[in-house]
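Worksheet: the structure to be examined is printed underneath.
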2 protein chains.
Amino acid sequence: MSTGIDLAVSTVIFALRPDADGRLVLSIPLVRRTRAPQEGHWALPGGSADARESLAETAARKLAETTGLSAAYLEQLYCFGDPERSPSGRVVSVVYWALVRGEEAELVTDENVAWFAADELPRLAFDHNLIVDYALWRLRTKLEYAAIAHAFLGPTFTLAELRQVHEIVLQRELDPANFRRQIEASRAVVPTGEHVTGGRHRPPRLYRYDASVELVDNGPLTSAGVR
Amino acid sequence: MSTGIDLAVSTVIFALRPDADGRLVLSIPLVRRTRAPQEGHWALPGGSADARESLAETAARKLAETTGLSAAYLEQLYCFGDPERSPSGRVVSVVYWALVRGEEAELVTDENVAWFAADELPRLAFDHNLIVDYALWRLRTKLEYAAIAHAFLGPTFTLAELRQVHEIVLQRELDPANFRRQIEASRAVVPTGEHVTGGRHRPPRLYRYDASVELVDNGPLTSAGVR
DNA sequence: CCTGTAAAGGTCATTCTGACCTGAACGTCA
DNA sequence: TGACGTTCAGGTCAGAATGACCTTTACAGG
């Protein structure tokens, strides 16, 4: 029994990358379509669902195959199924969103992959502009109540680095003292005891993410590991 | 190009129904499966996706066909795609959750449909217990920050009725005075000017939902009306 | 007309939040 | 070598939000 519907999996990938002036910018890698429909347009990385994998596994694999990246955070965003969203027939896309670390982001070499500032996107293929807008909304909303900002950073980081992640994503400055108080109250990070030396000012503490603090709502908890 | 994956649409439907003692209970209608796989087990209402409809339209139609109900609130919950979730082959289910009014809930007559208390479900078909648990978590979480409780009620209601909805869903008592303050501050409801007469006590005001207060996150906003 | 109960509106202590201040600890430069 | 600029780390303080609780109002029923 076939329904005549193609099932695809795509991912909105976020990373913080330096722009021409060296300032970190919230960025998204896009893939140039090399065949119809919408040939030549930029689109989200993705592809057809695979019958042998879970949807999250497919998202992670496609993400790695097309961009060479691996995600520090991966969560299902939404399932898009408007009948008119693709001119070539009915396509239902299960869309994930992912966060990757800054160092990872520089490993992309494929000439058909390019990074764009999240708030300066061109006209994308299909309904992908709508999808990115929704993913951006989710990222910004979730950053305010869930400990996910560390996924942009390495295993250890200073509170100033973590605060900078929040400031770039939320597009507003945050009071350093109040940010410290809020983060410490959340118990999401723990000090390693080490400090960053060699800086021009008082050496800041290094922190790491406390994995014992479970994430709020990364989808339903299944018995198997990867969702 | 077929992926060998069946795409289904199911819905977790919530309503408040009186139990044997007349107390309102958060309840879910389930459908008894009349064919393999899992014949005889109770399952969520749903069916195969239709290539001509949006996913939300399919959810609303299946909801009406199998239970006779119409939803006052409908939102996509999650897309479930574990390879092992159905013994008969790969099925990906786009699951919605819906709220229906109490009066609506009494119109169900199909002998293969039965209501169950949300926290006393039997062993369901497939992974539907997991799905209902997740839907319950979403309903309870969302009730605390979004104005959706009115969807269980008629067009007008008293604050005591609205508070009772919150108390039943959240399974704890709420202070009437603080609840009033919180609801009034949210601007989600407006007094109609009318009062309920004939009661034993001081006549309460009637309120109606203020539709000008937009919902937070009922999925991405598309240009077309129904999602 | 008195009583019980819920509606409506209020107070008060506690907690949370944003704005701001002070001392500590560097590197840098005169 | 010592003053200076900057950031780190830890604090204060006022206003907003929250939970517990109190008072008055307004009805039905005995």
How many whole angstroms separate atom CZ of Arg180(B) from atom C1' of dT25(D)? 12 Å
Gln182(B) has an atom CD; how far is it from atom C1' of dG19(D), in whole Å? 11 Å
Output the rounded distance in Å from CG (Leu174(B)) to C1' (dA20(D)). 14 Å
Between the base of dT7(D) and the side chain of His201(A), is one N or O donor paired with an acceptor at under 3.5 angstrom? no
So which one's nearest nucleotide on DNA chain D is more toward 5', Asn178(A) or Pro203(A)? Pro203(A)
Taking 4.0 angstrom as the limit, do Arg23(B) and Glu167(B) come out as a salt bridge? no
Is it true that Glu111(B) and Arg32(B) have a side-chain N and a carboxylate O under 4.0 angstrom from each other? no
Can you check the Phe179(A) CZ to dG10(D) P distance for me, whole Å? 15 Å
Atom CG of Asp175(B) and atom C1' of dA17(D): how far apart are they, to the nearest Å? 15 Å
Which residue lies more 5' along DNA chain C, comparing Arg181(B) with Leu206(B) via nearest heavy atoms: Leu206(B)
Which whole-number value in Å describes the distance from Tyr207(B) OH to dA7(C) P? 11 Å
Has the side chain of Arg202(B) got a donor or acceptor atom sitting under 3.5 Å from an opposite partner on the base of dG4(C)? no
Answer yes or no: is there an ion pair linking Arg101(A) with Glu161(A), defined by an N-O contact shorter than 4.0 Å? no
Rounded to whole angstroms, how far apart are CD1 on Ile183(B) and C1' on dA7(C)? 16 Å
Map Ala160(A) and Gly199(B) onto DNA chain D by nearest heavy atom, then report which one ends up closer to the 5' terminus. Ala160(A)
Rounded to the nearest 0.5 Å, the CZ atom of Phe14(B) sits from the OH atom of Tyr73(B) at a distance of 12.0 Å
CZ of Arg17(B) to CG of Leu26(B): how many Å apart, nearest 0.5 Å? 11.5 Å
Give Ala185(B) one of three labels, base, sugar-phosphate or nothing, depending on what nucleic acid heavy atoms sit under 4.0 Å from its own. nothing
Base, sugar-phosphate alone, or nothing: which one does Arg205(A) contact when heavy atoms must sit under 4.0 Å apart? sugar-phosphate
Measure CZ/Arg163(B) against P/dG19(D) and give the value in whole Å, please. 15 Å
